[in-house]
Protein chains: 2
Amino acid sequence: MKSANLYKGSLTTIILKLLNENDKMYGYEITQKVKEITNGELLITEGALYPSLHKLEAEGLLDVEFSKVNNRTRKYYKLTELGTQETVNKLAELEDYIKTMRALVYPKFRLQ
Amino acid sequence: MKSANLYKGSLTTIILKLLNENDKMYGYEITQKVKEITNGELLITEGALYPSLHKLEAEGLLDVEFSKVNNRTRKYYKLTELGTQETVNKLAELEDYIKTMRALVYPKFRLQ
DNA sequence: CAAATATACATAATTATTTTATGCATAAAA
DNA sequence: TTTTATGCATAAAATAATTATGTATATTTG
C-alpha cells in the first residue's frame, strides 16, 4: 500500500469505512477513491485489495453484486449488517491506536 | 504486539521515540515502559522486540552497551546520530499516517 | 524451603499481510 | 498502433508479528 509501512493493518478499516460512506463500490473504484482523497499519498495495490475484499466477503462482512458497464464487468461490494457493526469496531480501534501512539510519542499526552 | 493489528509497523517508531526520550534503555525496560505508558493497552512481545532491536543496531541506528546489574546482564541501547535523524522521519511518517487516515475515515477532514 | 513470578536475553516455526510480478480482457487516448 | 486506463485475479516473495521455546538468575509467596 505504500512505502511508509504504518499503513500495514489499515486496509480493512479503509475499505469498510469507504463502503460505509458510499453504499456500494467496486475494487478499482476503491483504489481511485483512496488515491483521490489522499492526494496520491496512499496507493492501494490490487495484490492487497482483492484478497482483502475476498476475505471480508468470506467473513460475511460484505455482499457482492455484479454489473456490466461499457462491456466491462464490475464487481460491486456493499456492507452487510455485520459489516456495518465491524466498521464501528474498526473505527474505534483506529481511535485507540492514535490515542495510544500519541501517548507514546508525545509524553505530554500521557493517558490517565 | 496486540490483537488490534493497526500496531503492525509501529514498533520501530515506538522504540526510536522511547530512546529519544530516555537516552538509553534495555529491552525488558522498553516492554515495561510501553506497558506503563499505555496502561497495559499495548504489550510488546519479546519475539517482536529483540529482532527489531537487532535490526536497528545492524542498520546503525542504535549503539549497544552491556552492563551487569544484580548478577543479571542488561543490554543497553542508545540512539546514534543516524538513529536520531531517523526518529524525526518516523515521527513525521506517523503524523502523515494519522492525517491521511483521518481524511479517509472522517470525510470532513479532507486533505487539501 | 519450594514453587511461582519477575527479570533478562534470544531464536525458530508459524501465521498474516503486503509488495511485486504476472495474467487476462476491453476501451480510450496518444 | 502502441500506450494508458479500466477491471478482475492470483502466485511468489518479502516483511513483520505471534506463539512457542530455551537459558539463566532474583525475588516473592505460600
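Note on naming: letters A, B, ... go to the chains in the order of the sequence lines (proteins, then strands), and numbering restarts at 1 for each one. Computation of the quantities below employed the complete heavy-atom set of this structure, encompassing side-chain atoms and omitting hydrogens, waters and symmetry-equivalent molecules.
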Query - Spacing between A:I44 atom CD1 and D:dG7 atom C1', to the nearest angstrom - result: 16 Å

Query raised in the report: How would nucleotides 8-15 of chain C be written as a contact map, 5' to 3', with B for base contact, S for sugar-phosphate-only contact and - for no contact, using protein heavy atoms under 4.0 Å?
Result: SBBB----

Query raised in the report: Do B:E65 and B:R74 sit within salt-bridge range, that is, some charged N less than 4.0 Å from a carboxylate O?
Result: no

Query raised in the report: Are OP1 or OP2 of C:dT17 and a side-chain N or O of B:N5 less than 4.0 angstrom apart?
Result: yes

Query raised in the report: Closest approach of A:T80 and A:L62, non-hydrogen atoms and distance?
Result: CG2-C, 3.7 Å

Requested in this report: Write down the distance between CG (A:L49) and P (C:dT20), rounded to a whole number of angstrom.
Outcome: 16 Å

Query raised in the report: Within the structure shown, what part of the strands sits under 4.0 Å from B:K55 by heavy-atom distance: base, sugar-phosphate, or nothing?
Result: sugar-phosphate

Query raised in the report: B:Q32 CD to C:dT5 P: how many Å, rounded?
Result: 16 Å

Requested in this report: Identify whether A:I98 and A:Y106 are in the same connected component of the hydrophobic contact network (ILVMFWY, side-chain heavy atoms under 4.5 Å).
Outcome: yes

Query raised in the report: Partner of C:dA30 by Watson-Crick or G-U wobble geometry, both contacts under 3.5 Å, or none?
Result: D:dT1

**Report entry** Presence of B:N71 side-chain N/O under 4.0 Å of D:dA26 phosphate oxygens OP1/OP2
**Finding:** yes

Report summary line: Interatomic distance, CG@A:L11 vs CG@A:L53, rounded to 0.5 Å, equals 7.5 Å

Query raised in the report: Separation of A:K68 atom NZ from C:dA25 atom P, in whole Å?
Result: 12 Å

**Report entry** Matching residue for B:L61 among B:E81, B:Q85, B:E86, B:K55 - test: side-chain contact (heavy atoms from CB on, under 4.5 Å)
**Finding:** B:E86

Report summary line: Minimal heavy-atom distance between B:I37 and A:A103, with the atoms involved, is CG2-O, 3.6 Å

